[in-house]
Amino acid sequence: MLRSGFFLPTLKETPSEAQIASHRLMLRAGMVRQASAGIYSWLPLGFRVLKNIERIVREEQDAAGAQEMLMPTIQSADLWRESGRYDAYGPEMLRIRDRHERDMLYGPTNEEQITEIFRTSVRSYRDLPRMLYHVQWKFRDEVRPRFGVMRGREFLMKDAYSFDLDYDGAKRSYNKMFVAYLRTFERLGLKAIPMQADAGPIGGDMSHEFVILAETGESEVACHRDFIEMDWRGRDIDYTGDLQPLVDTFTSKYAATDERRDPEREKALGGDLVTARAIEVGHIFYFGTKYSKAMNAVVAGPNGEEIAVEMGSYGIGVSRLVGAIIEASHDDAGIIWPEAVAPFKAGLINLKVGDGDCDKACDALYAALRAGGISVLYDDREERAGIKFADMDLIGLPWQVVIGPRGLKNGIAEVKNRKTGERAEIPLENVPARLTA
RNA sequence: CGGAGCGUAGCGCAGCCUGGUAGCGCACUACACUGGGGGUGUAGGGGUCGUGGGUUCAAAUCCCGCCGCUCCGACCA
């Protein structure tokens, strides 16, 4: 992508509404613009990151055996009356009336809707288990939206739902999602700790929150220090096998969100206890037959009897993750993207646009990198070097490649790693290899 | 929903107290110079001062209502 033609309105100064790092940086880096309180437009750069996160979430959901679908944002109030949540949900739910005076709502979540789809489509235990998910915008009319996309009113969420015949099956589904979440967050470059959590208004008795530790987190959590040191990387998962042992290794040690904290266990941990603030990035629930009973989602069992299905739901805050990743990974100069979600892998800076040799070398390298499958943002603007560098640091691409007349005399480019700050002068022809190493 | 604050150019702000020509920095446009980490000079463009009403000869400024946004708290898949 040529910087000159890319809609990337960066800001030198921070709009006054932004209080925390991720919000500030997202506005300054031209990723989002606020439309109204807690509602944001995603500009091209931010949208690329959002899509990258979505992609990884999808891949891991698919790997775990969930199937993607798409449910609408606007739902009928009648469904919610069936489950009893139309009255229970309170003013957080945005209620709408259509031209025929029908009560509608902008979905804050989708249990009712998926249950309705399931109950009209599945009649036999032979069709179980099922896991379905979608990635869709939700709306919750928060009293006080804040922290940019981390606590917006409108937000993008992946929500999955599992349907099983009995508790053991539901537990297997729960474990699949548990493991899928570990893998998803690890691929996103995050250390997300699964914590005992309250089920909240969704109800149910098995629930984990996946949180990342960050000073700007909204809640206080506590966990065993082993979680901090645990090696999170590269676990090969066989979803057809027994996942319980793996789940056990992550749930046997103490880790609890604030409403689930246990003073006695914490006391016993002594020096092994870590308390910190945390950002919730995922939440999984087993809630049994809460909705299936209320909404009559039953299947015929082996003996022809009617059995209410066992359900679970599993959410990942996709848009919140963009902010959360930045909270976890930035410095004074700007964002530092983990490679997996970076909007581009590399930035290419032409230090002297208009200089024939410089332009030619940049064009050639730009083509070579793209041919090698490396996404590049090529800053071909006639700006001063300082502005280009500052901009690139702000945007936070993993690599910066700098070409100027001085280095070009010796056929070299400067390659800088945004994360480590390490700079190396290497021959132009070695640049593609260097970035893929 | 309790408490506090803010709204003046795209962004950051001053002006308001004590009413009288709407300002500064950045950004933007043109030209020249410059060019390896947020340039220099010259010349420009851009404002119903959130909105409605009131007071006044005169309101960005004083008074009242409304709207929007932010912060603290409570709330929170």
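Naming: A, B, ... by sequence-line order, numbering from 1 per chain.
- Shown here, B:G46 forms no base pair; nothing in the strands shown gives a Watson-Crick or G-U wobble contact with both key distances under 3.5 Å.
- Regarding A:Leu94, its CG atom lies at a distance of 16 Å from the C1' atom of B:C76, rounded to whole Å.
- Taking side-chain N and O atoms only, A:Arg144 has no distance below 4.0 Å to OP1 or OP2 of B:A74.
- Of the candidates B:C69, B:C76, B:A74, B:C76 carries the atom nearest the A:Arg151 side chain, counting heavy atoms from C-beta on.
- Remark: the separation of the P atoms in B:C24 and B:C67 is 35 Å, to the nearest Å.
- Using modelled atom types, no side-chain atom of A:Lys345 and backbone atom of A:Leu377 make a donor-acceptor pair closer than 3.5 Å.
- Pair check for B:U51 finds B:G65; Watson-Crick or G-U wobble, both atom distances under 3.5 Å.
- As judged by a 4.0 angstrom heavy-atom cut-off over every strand, A:Gln34 is placed among residues touching the sugar-phosphate backbone only.
- Here A:Glu68 pairs with A:Arg58 in a salt bridge; the nearest charged N to carboxylate O distance falls below 4.0 Å.
- Mapping A:Pro145 and A:Phe155 onto RNA chain B by nearest heavy atom places A:Pro145 at the nucleotide closer to the 5' end.
- Contacts of A:Glu17 with the nucleic acid, taken as non-hydrogen atoms under 4.0 Å apart, involve only primed sugar atoms and P, OP1 or OP2.
- When A:Tyr106, A:Tyr86, A:Tyr89, A:Tyr291 are each tested for a ring pair (Phe, Tyr, Trp, His ring centres under 6.0 Å) with A:Trp80, only one passes: A:Tyr89.
- Comparing the C1' positions of B:C28 and B:U70 gives a spacing of 28 Å, expressed to the nearest Å.
- For A:Arg370 and A:Tyr366, the positive end sits near the middle of the six-membered ring, less than 6.0 Å away and at most 45° from its axis.
- Side chains of A:Asp380 and A:Asn350 form no contact here, defined as non-hydrogen atoms less than 4.5 Å apart.
- Comparing the C1' positions of B:U56 and B:U61 gives a spacing of 13 Å, expressed to the nearest Å.
- An OP1 or OP2 oxygen of B:U70 is reached within less than 4.0 angstrom by no side-chain nitrogen or oxygen of A:Ser16.
- Atom CG of A:Leu43 is separated from atom P of B:G10 by 17 Å (rounded to the nearest Å).
- In this structure, A:Asp141 places its CG atom 11 Å from P of B:C1, rounding to the nearest Å.
- In this entry B:C57 has B:G20 as its Watson-Crick or G-U wobble partner, both defining distances falling under 3.5 Å.
- Atoms CD1 (A:Ile20) and C1' (B:C71) sit 13 Å apart, rounded to a whole Å.
- Rounded to a whole angstrom, the distance from the P atom of B:G7 to that of B:C63 is 14 Å.
- In this structure, B:U70 and B:A4 make a Watson-Crick or G-U wobble pair, each of the two defining distances being under 3.5 angstrom.
- To the nearest whole angstrom, the two C1' atoms, one in B:U42 and one in B:C66, are 47 Å apart.
- Ranked by how close their nearest RNA chain B nucleotide is to the 5' end, A:His23 and A:Arg320 are led by A:His23.
- The cationic atom of A:Arg153 (NZ for Lys, CZ for Arg) does not lie both less than 6.0 Å from the six-membered ring centre of A:Phe139 and within 45° of the ring axis.
- One can place CZ of A:Arg260 at 16 Å from C1' of B:C76, the figure rounded to the nearest angstrom.
- The P atoms of B:A43 and B:A9 are separated by 25 Å, rounded to the nearest whole Å.
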Take nucleotides 31-41 of chain B nucleotide by nucleotide from the 5' end and write B, S or -, depending on whether a protein heavy atom sits under 4.0 Å from the base, only from the sugar-phosphate, or from neither. ---BBBBBB--
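- With P as the reference atom, B:U8 and B:U48 are 11 Å apart, rounded to whole Å.
- The aromatic ring centroids of A:Phe210 and A:Tyr181 lie less than 6.0 Å from each other.
- Atom-to-atom, CD of A:Glu142 to C1' of B:U70 comes out at 16 Å; the value is rounded to the nearest Å.
- The aromatic rings of A:Phe118 and A:Phe163 sit parallel, their planes meeting at an angle under 30°, below the 60° perpendicular limit.
- With a cut-off of 3.5 Å on both pairing distances, the Watson-Crick or G-U wobble partner of B:C26 is B:G10.
- Ion pairing between a basic and an acidic side chain is recognised when a charged N comes within 4.0 Å of a carboxylate O; A:Asp391 and A:Arg3 show such pairing.
- Spacing of C1' atoms, B:G46 relative to B:C26, comes out at 14 Å, to the nearest Å.
- Rounded to an integer number of Å, the gap from CZ of A:Phe147 to C1' of B:C76 is 13 Å.
- The partner of B:A32, taking Watson-Crick or G-U wobble pairs whose two distances both stay under 3.5 Å, is B:U40.
- Per the geometry, OH belonging to A:Tyr89 stands 16 Å off P belonging to B:C75, to the nearest Å.
- Ranking B:C71, B:C69, B:C11 by closeness to the A:Arg146 side chain, first place goes to B:C71.
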